[in-house]
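Here is how names work: the chains are called A, B, and so on, in the same order as the sequence lines, proteins then strands, and each is numbered from 1. If you're wondering where the values come from, they're calculated on a predicted model, not measured in any experiment.
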Amino acid sequence: MGADTFYVTTPIYYVNDKPHIGHAYTTILADVLARYHRLLGVPTHFLTGTDEHGQKVQRAAQENGITPQEQCDRTVVRFQELWERLEITHDDFIRTTEPRHTAIVQRLLRELYERGEIYAAEYAGWYCVPCERFFMEKDLVDGQCPECHRGVEKLVEKSYFFRMSAYQSWLVEYIETHPQFIQPEHRRQETLGFLRQPLGDLCISRPRSRLSWGIELPFDADYVTYVWFDALVNYISAIGYGVDEERFARWWPASFHLIGKDILTTHTVYWPTMLKAMGVPMPESIFAHGWWLVGRDKMSKSLGNVVNPMQMIDAYGVDAFRYFLMAEMSLGQDASFTEEAFVTRYNADLANDLGNLASRVLKMISRNLGGVMPAACEPGADEEELVSLTLAAVRSMQDRLKAMQLDRGLADVLAAVRAANRYFDRVKPWSLAKVGDTERLGQVLYHAAECLRIVAGLLLPVMPAKMTALREALGLGAVAGVPSLARLSRWGVLTGGLAVSDIAGLFPRVERPAPTAAPAAPRAPKADGASPAGVAVIGIDEVSRVHLRTARILAAERLEGSEKLLKLSVEIGAETRQIVAGIAAFYEAAALVGRTVIVVANLKPATLFGVTSEGMLLAARRGKRLNLLTVDGDIPSGAAVG
RNA sequence: GGCGGCUUAGCUCAGUUGGUUAGAGCAACGGAAUCAUAAUCCGUGAGUCCCCGGUUCGAGUCCGGGAGCCGCUACCA
C-alpha cells in the first residue's frame with residue numbers, strides 16, 4: 001500500500017468446493033478490516049474471488065455433461081451468494097477463467113521463460129493410469145503406485161520448472177529483515193524452518209493430455225500451467241498489473257494477504273520468489289489465521305461436522321454470526337466453534353449487554369421525553385467512568401486493529417457497554433422520572449445515548465445491519481452519513497432534538513440449543529477414574545477396528561543406509577509379510593528371529609526408505625527404553641489379540 | 001528424531017522492558033433493584049501461574065533440566 005491506502009485480499013477459493021465456515025471466516029475478516037479502514041478514511045480495496053482451473057472442475061464437468069466453464073459458472077454462485085448474505089463488501093471478485101487474468105498469467109509466463117526463470121526439464125518417472133498421477137521413483141511402493149498399489153508405467157516426461165531455488169537465500173534474508181512480512185510470528189518461524197532445507201525448483205506445468213482445463217503455456221501448447229502461476233497471480237492481475245500501471249501502483253503492495261494456515265508455504269515461499277523473479281515488490285504482510293475446530297475436532301467431511309454458514313445465518317442472523325467469529329477467535333490461533341458457545345456469547349454480549357442497553361435507553365427516551373433526544377450537556381463526576389471507558393474503547397479498537405487483535409478490541413467495546421449498564425443502574429433514571437426531575441433525566445439519557453452512538457460506530461464494521469438500525473434509532477439517519485473516527489473520538493456529538501425511536505429486540509435472546517445431536521467431542525470423564533484425565537474415551541467398537549495379531553519373526557535385517565530401521569519378515573498365520581520397524585537402536589536383528597510379537601495387521605501400508613511396510617510392531621516405550629510386546633507362553637502366529 | 005510453540009481460576013483466555021494483595025469474560029453461589037430482551041447491578045476465587053533447580057533484594061515474567069500437548073519436518077508405523 002502506499003502509506004495511505006489499504007489493499008486486502010482473501011485466498012481465491014476453489015470453485016468446486018462447498019463454502020464452509022473457514023471460507024466465511026477469512027472473508028468476513030477481510031470485510032471487517034476493509035470496513036474499518038474505510039471508516040478511518042483510508043482508501044481501501046478488497047479483493048476476493050475463485051480459483052477455477054484444475055482436474056476436479058474438469059472431472060465434475062464431465063460427470064455433468066457440460067463444459068468446464070459451465071461447471072464453474074454453476075458453482076461460483078455458491079460463493080457469490082454467500083458473500084451477499086454475509087454482507088461482504090468486496091470491491092472486486094476475480095475468477096481465474098476471466099481473460100483479464102489469463103492474459104496476465106500468460107504474459108508473465110512468457111517473460112519469465114524468455115529470461116530463463118522458467119526452464120524445461122525431462123526426467124523419467126512413473127505413471128499410474130487409473131489414478132492419472134505421475135510419481136517419482138522414490139514415491140513408489142515396491143515398484144507400484146503408492147495410492148492404489150497397482151502397476152505403473154515408465155514415462156519420460158517433460159515439465160517446466162520455475163527457478164525457485166535461486167531465490168532461497170534472498171528470501172531467508174528478506175524474512176529475517178522484515179518481521180512483519182509473515183504473521184503471526186510463529187508462522188514466520190515455521191517458514192524459516194522450512195527454508196533451512198534446500199529449496200528445489202517448482203514444477204509449474206502439467207501436460208495437456210492429462211490436464212486440459214488450465215491456462216496454456218504461451219511457449220508450449222502441449223502444456224498448461226499448474227496452480228501456482230495461475231492462482232497466486234490473481235492478487236496482481238486483478239488490480240491491473242501490466243495493464244493499468246497507475247491503478248496497480250495505487251494498490252500494490254498489498255497491505256494484507258489473509259490466508260488460512262494450510263496454505264502458508266505457497267504464500268510465504270512460492271509467491272514471494274515468484275514476485276521477486278517478476279521484479280514486483282513484496283506484499284506488506286501475509287497473515288495466516290488458525291482453523292475453526294468443531295468442538296475439539298478438526299472440521300472434515302468424513303466426520304460430517306462441517307459447519308454450514310448459511311444455516312447459522314438463517315438461525316441467528318448475519319450480524320451475530322459475524323460478531324461471534326470476530327470476537328471468539330484470537331487471530332492466529334485455532335478456535336472452537338459450537339452452537340452452544342455461539343448462543344452463550346450471543347446472549348451474554350449481544351442480548352443481555354448491548355441489546356438490553358439499547359432497549360432501556362431508547363424506551364426511556366421514547367416514553368419519558370417524547371422520543372426527542374435531550375440537549376447536549378457536559379459530563380460530570382457521575383459520568384466519569386462511562387466516558388473514559390467508552391473513549392478508551394475507541395483508542396483500543398484502533399490499536400488492536402493495527403496489531404490484528406480484533407477480538408481484544410471487541411472485548412474493550414463490550415467493556416464500554418457494561419460501563420453504560422452500570423452507569424444506568426447507579427444513577428437510576430427511572431427514579432428521576434418518578435420524581436419529575438426531567439433535567440437530570442435528560443442528562444443521564446443523553447450520556448447513555450452517547451455511549452450507544454460511539455459503540456454503534458465502533459461495531460458498525462462487524463455488524464453493519466444491526467448497528468445501522470441502532471444508529472437510526474438514535475436519530476442518526478442516512479443524513480448523518482457514516483461515522484468518522486473524529487466524531488467517534490469525541491464525547492457530546494449527538495445534538496438535542498433528534499427524533500429517537502424505540503427499537504424492538506435488537507438482539508432477541510435465544511434459548512440454548514439442547515446439548516445437540518453433534519455434541520462437542522465427548523469429554524473424558526475426569527472424576528470417575530475410568531480413564532486418564534484428558535484422554536478421549538472410545539467404545540469397544542473402535543477398539544475392534546484395530547486388528548491385532550500375533551506374528552512370528554522369520555527374518556530380520558538392517559536397512560542399508562538407515563540408522564533406525566529394521567526390515568522384518570513375519571509370519572501371520574498362513575501369510576508372510578514384510579514390516580519395517582524403527583527399533584534398530586534397541587534390538588539386534590539376529591536376536592529377533594523366531595520371536596513372537598504383536599502386530600497391527602490392518603494398518604494401511606506405507607513406504608519407508610523405499611521399502612513397503614505392511615503392518616506395525618507394538619512396543620512399550622519410556623524415555624530411552626523400548627521393549628517389544630510379546631506373548632506369555634507359546635501360541636501360533638496369526639492369533640487374534642484383544 | 002530435529003526445529004518451533006504452548007501449559008495462568010471449573011471453561012475461554014489477558015498478563016507489557018522481572019517489582020506492591022496475579023487479572024477479564026463466561027459459568028457457580030449470595031444479595032440489590034425493577035427503566036429494560038426474567039435482561040441489569042453489587043458482592044464472593046486458600047488459582048502449587050505444569051514440575052525441579054538456578055540467577056536476583058525480588059520471577060508467571062530471565063536461565064538450565066524434565067513432563068504433557070500442539071504445529072512443521074524427518075529414515076514414526
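The phosphate of B/rU37 (OP1 or OP2) has a side-chain N or O of A/Lys363 nearer than 4.0 angstrom. Checking the phosphate oxygens (OP1, OP2) of B/rU12, no side-chain nitrogen or oxygen of A/Arg345 falls inside 4.0 Å. Using a 4.0 Å cut-off, no side-chain N or O of A/Lys261 falls inside it from OP1 or OP2 of B/rC72. OP1 and OP2 of B/rU16 both lie 4.0 Å or more from every side-chain N or O belonging to A/Arg408.
Among the nucleotides B/rC35, B/rU40, B/rC3, the one closest to any side-chain atom of A/Asn356 is B/rU40. When distances run from any side-chain atom of A/Arg509 to the nucleotides B/rU40, B/rU37, B/rU73, the shortest one goes to B/rU37. Checking B/rA14, B/rA36, B/rU37 against every side-chain atom of A/Ala351, the shortest atom distance belongs to B/rU37. Residue A/Arg360 has its side chain nearest to B/rU40 when only B/rU37, B/rC26, B/rU40 are considered. Residue A/Ser359 has its side chain nearest to B/rA36 when only B/rA39, B/rC35, B/rA36 are considered. Nearest to the side chain of A/Gln197, among B/rC35, B/rG71, B/rU73, sits B/rU73. Side-chain atoms of A/Ser330 lie closest to B/rC13 of the nucleotides B/rC13, B/rG71, B/rU40. The side chain of A/Trp430 lies closest to B/rU34, out of B/rU34, B/rU37, B/rC72.
Residue-level contact check: A/Glu328 touches neither bases nor backbone, having no heavy atom under 4.0 Å from any strand. Heavy atoms of A/Leu506 sit under 4.0 angstrom from at least one base atom. Using a 4.0 Å heavy-atom distance criterion, A/Arg418 is classed as a sugar-phosphate-only contact. Within the 4.0 angstrom heavy-atom criterion, no nucleotide atom of any strand lies near A/Gly193. In this structure, A/Arg426 reaches neither bases nor backbone, as no heavy-atom distance under 4.0 Å exists between it and the strands shown. Residue contacts for A/Arg422: at a heavy-atom cut-off of 4.0 Å it reaches the sugar-phosphate backbone alone, with no base atom in range. Among the heavy atoms of the strands lying under 4.0 Å from A/Asp353 are primed sugar atoms or P, OP1, OP2 only; no base atom is included.
The partner of B/rU55 is absent, by the rule that a Watson-Crick or G-U pair needs both atom distances under 3.5 Å. Across all strands shown, B/rG68 forms a Watson-Crick or G-U wobble pair with B/rC6, both key distances being under 3.5 Å. In this structure B/rA22 sits in no base pair that meets the Watson-Crick or G-U test at under 3.5 Å. Searching all strands for a Watson-Crick or G-U wobble partner of B/rG43 with both distances below 3.5 Å returns B/rC29. The pairing partner recorded for B/rC49 is none, the criterion being a Watson-Crick or G-U wobble arrangement whose two distances lie under 3.5 angstrom.
For A/Asp425 and B/rA36, the CG to C1' distance is 10 Å, given to the nearest whole Å. Distance A/Asp412 CG to B/rC13 C1': 14 Å, rounded to the nearest Å. In this structure, A/Asn421 places its CG atom 14 Å from C1' of B/rC42, rounding to the nearest Å. Between the CG atom of A/Asn347 and the C1' atom of B/rA27 there is a distance of 14 Å, rounded to whole Å. Straight-line distance from the CG atom of A/Leu354 to the P atom of B/rC26: 14 Å, rounded to whole Å. Computed from coordinates, the A/Gln189 CD to B/rG71 C1' distance equals 13 Å when rounded to whole Å. Distance CZ (A/Arg196) to P (B/rA74): 14 Å, rounded to an integer number of Å. If you take CZ of A/Phe424 and P of B/rC35, they are 11 Å apart, rounded to a whole angstrom.
Atoms OG1 and CD, from A/Thr177 and A/Glu173 in turn, are 5.5 Å apart once rounded to the nearest 0.5 Å.
Of the C1' atoms belonging to B/rU61 and B/rU56, the separation is 13 Å, rounded to the nearest Å. Spacing between B/rC49 and B/rA39 at atom C1', rounded to whole Å, works out to 35 Å. For B/rA28 and B/rU20, the C1' atoms lie 31 Å apart once the distance is rounded to whole Å. A gap of 13 Å separates the P atoms of B/rU40 and B/rG25, to the nearest Å. Using P as the reference atom, B/rG4 and B/rG66 are 14 Å apart when rounded to the nearest Å. On the C1' atoms, B/rC50 is 10 Å away from B/rU8, given to the nearest whole Å. Rounded to a whole angstrom, the distance from the C1' atom of B/rG45 to that of B/rC6 is 25 Å. Across B/rA14 and B/rA24, the matching C1' atoms stand 7 Å from one another, rounded to whole Å.
Between A/Phe321 and A/Phe337, the ring-plane angle classifies as perpendicular under the 30° and 60° cut-offs. Relative ring orientation between A/Tyr346 and A/Tyr316 is described as tilted, the plane-to-plane angle lying within the 30° to 60° band.
Comparing A/His186 and A/Asn352 by the nucleotide of RNA chain B whose heavy atom lies nearest to each, the residue mapping closer to the 5' end is A/His186. Between A/Trp291 and A/Gln405, the residue whose closest nucleotide on RNA chain B is further toward the 5' end is A/Gln405.
For A/Glu185, the CD atom is densely surrounded, since the number of other residues' heavy atoms within 6.0 Å is greater than 12.
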Item to check | Worked verdict on A/Arg426 versus A/Glu384 for salt bridge (Lys or Arg N to Asp or Glu O under 4.0 Å) | outcome: CA-CA 12 Å; A/Arg426 187 153 33 81; A/Glu384 204 176 313; over 6 Å; no

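Looking at A/Asn352, A/Asn421, A/Leu362 one by one, the single match for side chain to side chain contact (heavy atoms under 4.5 Å, CB included) with A/Leu357 turns out to be A/Asn421.
Panel note: side chain A/Asp334, backbone A/Trp292; no donor-acceptor pair is recorded below 3.5 Å.
A/Asp502 and A/Ser366 share no donor-acceptor pair across their side chains, judged by distance under 3.5 Å alone.
The minimum heavy-atom distance between A/Pro272 and A/His267, with the atom names listed, is CD-O, 3.2 Å.
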